[in-house]
Amino acid sequence: MTQRGLLIVLSGPSGVGKGTVRKAIFEDDSVDFRYSISATTRKPREGEVDGKDYFFVSKEEFEEKIQAGGMLEYAQYVDNYYGTPKAFIDDTLASGRDVFLEIDVQGALQVKSKMPEGVYIFLTPPDIKNLRARLEGRGTDSPEVIEKRVAAARDELKKMINYDYAVENDVVEAAVARIMAIIKAERLRVSRVLAEIAD
Ligand code: 5GP
């Protein structure tokens with residue numbers, strides 16, 4: 001029997017830089033885990049590609065997929081749905097490959113309740129002031145949306161207790177190195193190594 005892949009979940013407050021860290025991880029060609037592309041009802045930002053950055057779908061399509069049990073988790077965030085298609089996760093883990101999710105805190109907690117064997121990594125901002133500056137600097141959201149995101153981030157920070165690891169996003173390369181070290185160590189857990197030897 002093939003050893004199941006490792007589920008790696010990167011999460012944290014919005015604006016903390018999850019997307020940037022995730023992109024930096026996948027820029028490295030030697031990365032041997034698969035990225036789970038989320039579905040969303042929000043409109044694509046400039047340069048975003050359907051089927052690469054997200055699956056951009058309508059609200060109706062998204063709700064149908066929820067009804068059909070096709071979402072491992074989903075969350076409503078700033079008036080849009082975001083969710084993780086379930087089939088890709090199941091198939092990839094069953095084939096023995098590791099899967100990497102980058103999702104918000106609501107979603108990560110849902111995944112954890114279903115798949116507690118995963119590795120849950122919380123990315124933290126160096127400070128909350130920095131978070132606001134980052135959102136403002138990105139220039140993609142209105143002041144009202146920024147206020148909503150900052151308020152949501154304060155609540156999310158309180159949820160760090162539910163995670164296995166906390167990684168500070170001070171410098172992107174440093175955060176990436178910490179995450180890769182976590183994944184390396186998790187693959188060497190005795191329970192995983194023993195299961196492989198037993199195959
Ligand atoms: P953005 O609109 O900036 O791409 O993403 C907004 C938030 O949604 C980010 O915190 C991002 O991590 C989160 N997100 C992206 N995909 C998913 C998903 O599939 N599920 C959940 N729960 N959150 C997601």
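Order of appearance sets the numbers: ligands from 1, and atoms from 1 within every ligand.
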Under 3.5 Å: N/O of Glu48 near N/O of ligand 1: no

Residue and atom name of the nearest protein heavy atom (relative to atom 13 (C) of ligand 1), distance in Å to one decimal: Asp104 N, 3.7 Å

Ligand-residue contact atoms, ligand 1 with Thr84, heavy atoms, under 4.0 Å: 19 (O)

Flag side-chain contact, heavy atom, 4.5 Å: Ile25 against Met180: yes

Non-hydrogen atom of Arg45 closer than 4.0 Å to ligand 1: yes

Close-contact set for ligand 1 against Tyr77 heavy atoms, below 4.0 Å: 6 (C), 7 (C)

Ligand 1 atoms in contact with Ala75 (distance to a heavy atom under 4.0 Å): 22 (N)

N/O separation below 3.5 Å, Arg138 to ligand 1: no

Which residues share a ring pair (Phe, Tyr, Trp, His ring centres under 6.0 Å) with Tyr163, sequence neighbours left out: Phe122

Residues Lys23 and Glu27 bridged, charged N to O under 4.0 Å: no

Within-4.5 Å side-chain heavy-atom neighbours: Glu136 and Arg132: yes

Atom 15 (C) of ligand 1 [closest protein heavy-atom partner, distance rounded to 0.1 Å]: Tyr54 OH, 3.3 Å

For atom 20 (N) of ligand 1, the protein heavy atom that lies nearest, with its residue and separation: Glu73 OE2, 2.7 Å

Interfacing atoms of ligand 1 (cut-off 4.0 Å, heavy-atom, Gly83): 18 (C), 19 (O), 20 (N)

Heavy-atom side-chain proximity of Tyr81 to Glu63 below 4.5 angstrom: yes

Partners passing ring pair (Phe, Tyr, Trp, His ring centres under 6.0 Å) against Phe56 (at least two apart in sequence or in another chain): Tyr54

Side chain, backbone, both or neither: the part of Gln106 lying under 4.0 Å from ligand 1 by heavy atom: neither

Carboxylate-amine/guanidinium contact Asp53 Arg45, below 4.0 Å: no

Electrostatic pair Asp170:Arg178 at N-O distance under 4.0 angstrom: yes

Heavy-atom nearest neighbour in the protein, as seen from atom 11 (C) of ligand 1, with distance rounded to 0.1 Å: Glu102 OE2, 3.6 Å

Distance from atom 10 (O) of ligand 1 to nearest protein heavy atom, with residue and atom: Lys18 NZ, 2.9 Å

Side chain, backbone, both or neither: the part of Gln76 lying under 4.0 Å from ligand 1 by heavy atom: neither

Polar atom proximity, Tyr74 to ligand 1 (N or O, under 3.5 Å): no

Any donor-acceptor N/O pair, Lys112 side chain to Asn162 backbone, under 3.5 Å: yes

Phe100 vs Val31, side chain to side chain contact (heavy atoms under 4.5 Å, CB included): CA-CA, chis, key distance, verdict: CA-CA 11 Å; Phe100 187 98; Val31 158; over 6 Å; no

Atoms of ligand 1 close to Arg42 [distance to a heavy atom under 4.0 angstrom, numbered from 1]: 1 (P), 2 (O), 4 (O)

Residue Gly107 vicinity, atoms of ligand 1 by number, heavy atom under 4.0 Å: 22 (N)

Nitrogen or oxygen of Ala39 less than 3.5 angstrom from that of ligand 1: no

Element-labelled atoms of ligand 1 that are located less than 4.0 Å from some non-hydrogen atom of Ser38: 16 (N), 17 (C), 18 (C), 19 (O)

Contact check, side chains of Phe26 and Phe33, non-hydrogen atoms, under 4.5 Å: yes

Flag, side chain of Glu73 to backbone of Ala108, donor-acceptor distance under 3.5 Å: no

